Asks: 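Just dropping this structure here.
What you see below is based on every heavy atom in this structure, not just the backbone, and it leaves out hydrogens, waters and symmetry mates. As the structure is a prediction and not an experimental result, all values here were calculated from the model. Every chain is numbered from 1 and lettered A, B, ... according to where its sequence line falls, protein lines coming before strand lines.
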There are 2 protein chains.
Amino acid sequence: MDEDFLIAMGYSGLTGRLKRLSDSFIYTTKQYYRDHGLEIEPNWHMIFLLLKKHEKLTVMEMADALRLSHPAIVQLVNKMKKKGYVDSVRDKDDHRKFQLTLSRKALEKLPELELYWEAGNDALKEIMEQQTIILDQLEILEKNIGEADFRERSERNLKKYMP
Amino acid sequence: MDEDFLIAMGYSGLTGRLKRLSDSFIYTTKQYYRDHGLEIEPNWHMIFLLLKKHEKLTVMEMADALRLSHPAIVQLVNKMKKKGYVDSVRDKDDHRKFQLTLSRKALEKLPELELYWEAGNDALKEIMEQQTIILDQLEILEKNIGEADFRERSERNLKKYMP
DNA sequence: TACATTTGCGTAAGTGCTTACGTAAATGGT
DNA sequence: ACCATTTACGTAAGCACTTACGCAAATGTA
C-alpha cells in the first residue's frame, strides 16, 4: 500500500487533499512557533497583518475582509486579547461595535514575528517551487465557488442522473 | 473593504486560503447530503471507495493509504460503524487488529450514493474549469512537503535572518 | 414616536483533524 | 523462555472552522 489513495482517486480526492494539506500547514506551523517559544497561533498572522494595514477594524469588517464567518473572528480575537495582542474599544457612535487594534505589546513583538513569517514565506516558495501557478489556480476555484458553490453545482448536476 | 485580504497577502495568504477552501467544500457537502436525507458525512466517501477497492483493511492500512493519522481513521470508522456502514472483525492471527469491511447496508446503498458523488465530481470539474492543473500542482506541493515539511524548511530559512 | 426589521456581536454545539499518552498483543534478541 | 521493544488500536485534549440561535443597539417606516 504505497500509493496515495487520495491522489489515485482523481477529482474526488481533491477535497480530502485540500483538508490534509491545510492541516499539515497548520500543525507544522504550530510546532514551529512552539519550538521558538512564540506565544502565537498559526492563523493569527492574518489578523496581525490586517490590523497593521488598517489600524482599527470591527469584527464584521475583519470577517468581511477575510471571508470568514464572524464567530471565527470572535474566537480568534478573543484568544489574541487573552494573550494581550489585541485591544478592544467600544465604538462611541455605535455601541454594538468594538474597534479592535494591535496592542502596544503586539507592535513591539511585530518586527521579531515578521522574521519568522518571512522564513515561512521562503519555505512556502520552496514548496511551490518558486511559482505562483497554484495561487492563480486557487483564485479561479474561489471565483467559481463565489458564483455558485459546490452544493448548488452538485444539485444541478444531480438532475442529469436522477430524472 | 471589497478586496479579499487573503488573496492580497500573496504567498502568506496561501495557508489560510487552503483552509477556507477546504472548509467550504466540507460544509457545503454536508448540506448537500442533508438536503437529500443521506445519513453520511462529507469524508466517508474516501472510506467507502477504499473498502470497495480493497475489500477489507485494518485501521493502520487505511491510515497509511490515506496519509492520515490512525486516530483520524478510528474516529471516522467508529461513526460509520454506528450508522451500520462498516463491519469490524477481529483478526484471527493478530488479535490487535480488526479487519474492516463494508456492511451489507453499505453495499446496498452504494449505487445510490455513487450517483450523488458523480454529481459532485461534475460540480468539481466545473469549478476547476475542466482542467487538472490544480491536481498536478497539489501533487507537487505534497511531494515537496513529503521530502521536507513546512516546519523544517522554515527552520532552515530562519537561519538566514537570525545569525 | 412607536414598533418592526436589520445589524453587530456573542455563545453553543457539531465536525474533523492533530499530538500525546496508554494498553494489549506480537516480535525479537540472548 | 524471558524480557525489552515495537506495533495496533484506542482515548483525551486542543485547534479552527462552521451553522444555529439569542440579545441589544441601530435603523427604517408608518
Asks: Which whole-number value in Å describes the distance from E41(B) CD to dT18(D) P?
Replies: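 Rounded to whole Å, this separation is 17 Å.
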Asks: Taking OP1 and OP2 of dC17(D), is either one under 4.0 Å from a side-chain nitrogen or oxygen of N43(A)?
Replies: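 N43(A) to dC17(D) OP1/OP2: side-chain N or O found under 4.0 Å.
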Asks: Please write out each protein N/O paired with an N/O of nucleotides 5-9 of chain D under 3.5 Å, distance rounded to 0.1 Å.
Replies:
from, atom 1, to, atom 2, distance (Å)
dT7(D), O2, R96(B), NH1, 2.5
dC9(D), OP1, F98(B), N, 3.2
dC9(D), OP2, M60(B), N, 2.8

Asks: Would you find more than 12 non-hydrogen atoms of other residues, nucleotides or ligands less than 6.0 Å from E55(A) atom CD?
Replies: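 Not more than 12 within 6.0 Å, no.
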Asks: When we call it a touch if two heavy atoms are under 4.0 Å apart, what does D93(B) touch: a base, just sugar-phosphate, or nothing?
Replies: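 The residue D93(B) makes sugar-phosphate contact but no base contact.
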Asks: Give the rounded distance in Å between these two atoms: OH of Y33(B) and P of dT18(D).
Replies: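 Those two atoms, OH and P, are 20 Å apart.
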Asks: Between residues 9-31 of chain A and DNA chain D, which residues have a heavy-atom gap below 4.0 Å?
Replies: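 Per residue number, the list reads Y27(A), K30(A).
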Asks: Using whole Å, what does the distance between atom C1' of nucleotide dT27(C) and atom NE2 of H95(B) come to?
Replies: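 Spelled out: NE2 on H95(B) to C1' on dT27(C) is 16 Å.
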Asks: Cluster partners of I133(B), using ILVMFWY side-chain heavy atoms under 4.5 angstrom, listed by chain and number?
Replies: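 Same cluster as I133(B): I133(A).
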Asks: Check the distance between dC9(C)'s C1' and K81(A)'s NZ and give it to me in whole angstrom.
Replies: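 Taking atom C1' of dC9(C) as the reference, NZ of K81(A) is at 10 Å.
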Asks: What class does the angle between the rings of F150(B) and F25(A) fall in, given that below 30° is parallel, 30 to 60° is tilted and above 60° is perpendicular?
Replies: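 Judged by the thresholds at 30° and 60°, the geometry between F150(B) and F25(A) is perpendicular.
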Asks: Once you round to the nearest 0.5 Å, how far does NE2 of H54(A) lie from CG of L100(A)?
Replies: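 Between atom NE2 of H54(A) and atom CG of L100(A) there are 13.5 Å.
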Asks: With a 6.0 Å cut-off (strictly less than), is the heavy-atom count around NZ of K125(A), excluding the residue itself, greater than 12?
Replies: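 More than 12 heavy atoms, drawn from other residues, nucleotides or ligands, come within 6.0 Å of this atom.
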Asks: Taking CE from M80(B) and C1' from dG16(C), how many angstroms apart are they, rounded to a whole number?
Replies: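 The distance from CE of M80(B) to C1' of dG16(C) comes to 15 Å, rounded to the nearest Å.
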Asks: Classify the nucleic acid contact of L68(A) as base, sugar-phosphate or nothing, counting any heavy atom under 4.0 Å across all strands shown.
Replies: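 Sugar-phosphate only.
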Asks: Using a heavy-atom cut-off of under 4.0 Å over every strand shown, decide if R34(A) touches base, sugar-phosphate, or nothing.
Replies: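 If one applies the 4.0 Å heavy-atom cut-off, R34(A) turns out to touch the sugar-phosphate alone, with no base involved.
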Asks: Do the side chains of V74(B) and I40(B) join up, straight or via other hydrophobic residues, at under 4.5 Å, putting them in one cluster?
Replies: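 Yes, same cluster.
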Asks: Here's a test of your reading of the structure: between A72(A) and N78(B), which maps to the more 5' nucleotide of DNA chain D?
Replies: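 Closest to the 5' end, via its nearest nucleotide, is N78(B).
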Asks: Distance criterion of 3.5 Å, no angle test: do you see the side chain of Q75(A) paired donor-to-acceptor with the base of dT18(D)?
Replies: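 Pair found.
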Asks: Going by the angle between their ring planes, with limits at 30° and 60°, are Y32(A) and Y116(A) parallel, tilted or perpendicular?
Replies: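 It falls in the perpendicular class, over 60°.
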Asks: Figure out the CZ/P separation between F150(B) and dT18(C), and round it to whole Å.
Replies: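 Checked: the CZ to P distance equals 18 Å.
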Asks: Using the rule salt bridge (Lys or Arg N to Asp or Glu O under 4.0 Å), only one of K30(A), K109(A), K105(A) pairs with E39(A); which is it?
Replies: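 So the option named by the test is K105(A).
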Asks: Working to the nearest 0.5 Å, report the span between CD1 of I145(A) and OG of S24(B).
Replies: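 Spacing of CD1 (I145(A)) from OG (S24(B)) equals 4.0 Å.
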Asks: For residues L51(B) and T101(B), determine if any side-chain heavy atom of one lies less than 4.5 Å from a side-chain heavy atom of the other.
Replies: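 Side chain of L51(B) against side chain of T101(B), heavy atoms only: no contact under 4.5 Å found.
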Asks: Would you say dT18(D) has OP1 or OP2 under 4.0 Å from some side-chain N or O of S69(A)?
Replies: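 Yes.
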Asks: Roughly, in whole Å, what's the span from CD1 in I40(B) to P in dG16(C)?
Replies: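 Value for this atom pair: 11 Å.
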Asks: Rounded to the nearest Å, what distance is computed from the NZ atom of residue K79(B) to the P atom of nucleotide dG14(C)?
Replies: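 My rounded result for the distance is 12 Å.
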